[in-house]
Amino acid sequence: DVKVTQSSRYLVKRTGEKVFLECVQDMDHENMFWYRQDPGLGLRLIYFSYDVKMKEKGDIPEGYSVSREKKERFSLILESASTNQTSMYLCASSGTGWGNTGELFFGEGSRLTVL
Amino acid sequence: GNSVTQMEGPVTLSEEAFLTINCTYTATGYPSLFWYVQYPGEGLQLLLKATKADDKGSNKGFEATYRKETTSFHLEKGSVQVSDSAVYFCALSERGAQKLVFGQGTRLTINP
């Protein structure tokens with residue numbers, strides 16, 4: 001059974017703390033993504049990666065960075081957490097190649113609260 | 001740029017009612033279209049997809065037809081159940097682009 005695993009389902013952090021959200025996929029997918037989900041705003045893309053050590057900014061990269069040192073792992077980093085980063089964070093992956101339709105496979109999400 | 005617009009929620013129906021959730025899109029080229037569902041406390045999972053015009057995606061009693069002439073991909077189900085209560089997202093992917101663009105989501109609640 002294919003799987004995207006996010007390390008923490010629930011986190012509570014204080015303003016100014018550094019936060020790491022980890023994501024691992026076991027499908028040998030090239031592409032990995034971090035989305036943020038907020039009520040009424042749907043899913044917004046923060047960063048994505050097409051390959052190891054590659055990263056591209058999404059629609060809302062400010063205040064975030066990412067790391068992809070291994071193909072299966074994609075980390076989201078909040079250098080100095082702020083209250084407006086309280087949200088649900090969703091990791092996803094997808095494959096490439098001829099015939100690929102762009103379907104994303106999602107993890108269960110990490111709900112971050114910044115106090 | 002590419003965009004997806006869904007009907008605003010929340011939507012509340014009684015069990016066995018007919019469901020339609022509207023979705024329209026703007027895209028260049030020939031996108032693939034998706035419906036994802038998010039059950040309470042879970043991540044998103046693919047419900048159905050269509051990759052070219054006039055394709056019909058179907059799963060778990062849900063259907064959606066890729067209508068290029070009206071740039072739409074409306075989700076329908078003939079008889080909803082309480083277990084269908086969830087948030088539904090319409091999305092598109094440009095071929096080769098690898099990224100998905102999502103609508104804002106529609107929360108559906110089914111009452112017994």
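Values below: all heavy atoms of this structure, side chains included; hydrogens, waters and symmetry mates excluded. The model shown is predicted, which means the values in this text are computed figures rather than measured ones. Each chain gets a letter, A, B and so on, in the order the sequences are listed, and its residues count up from 1.
- Connection of B:Val101 to A:Leu90 is not established within any shared hydrophobic cluster, with ILVMFWY side chains joined at heavy-atom distances below 4.5 Å, either directly or through further cluster members.
- Two different hydrophobic clusters hold A:Leu43 and A:Tyr47 under the rule that ILVMFWY side chains link at heavy-atom gaps under 4.5 Å.
- A:Leu112 and A:Phe33 fall into different hydrophobic clusters, where Ile, Leu, Val, Met, Phe, Trp and Tyr side chains are chained together by heavy-atom contacts under 4.5 Å.
- In this structure, B:Arg107 places its CZ atom where only 12 or fewer heavy-atom neighbours from other residues, nucleotides or ligands lie under 6.0 Å away.
- Interface residue A:Arg9: only side-chain heavy atoms are found under 4.5 Å from chain B.
- With a 4.5 angstrom heavy-atom cutoff, A:Leu104 touches chain B via backbone and side-chain atoms both.
- Contact annotation for A:Gln37: only side-chain heavy atoms (C-beta onward) come within less than 4.5 Å of a heavy atom of chain B.
- Hydrophobic clustering (side-chain heavy atoms under 4.5 Å, transitive across Ile, Leu, Val, Met, Phe, Trp, Tyr) keeps B:Val37 apart from B:Leu100.
- Note: the hydrophobic cluster containing B:Phe73 also contains B:Leu47 (ILVMFWY, side chain heavy atoms under 4.5 Å, direct or indirect links).
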Could you go through the side chain to side chain contact (heavy atoms under 4.5 Å, CB included) check for A:Glu103 and B:Phe34 one step at a time? CA-CA 8 Å; A:Glu103 176 184 349; B:Phe34 306 84; 4.0 Å; yes

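- Note that OH of A:Tyr35 is 4.5 Å distant from CZ of B:Phe102, once rounded to the nearest 0.5 Å.
- With a 4.5 Å cut-off on non-hydrogen atoms, B:Gln38 touches chain A through its side chain but not through its backbone.
- Within a 6.0 Å radius of CD in B:Glu8, other residues, nucleotides and ligands contribute 12 heavy atoms or fewer.
- Rounding to the nearest 0.5 Å places CZ of A:Phe106 at 10.0 Å from CG of B:Leu46.
- Only the backbone of B:Glu42 comes within less than 4.5 Å of a heavy atom of chain A; no side-chain atom from C-beta onward does.
- Heavy atoms of B:Leu44 lying under 4.5 Å from chain A belong to its backbone as well as its side chain.
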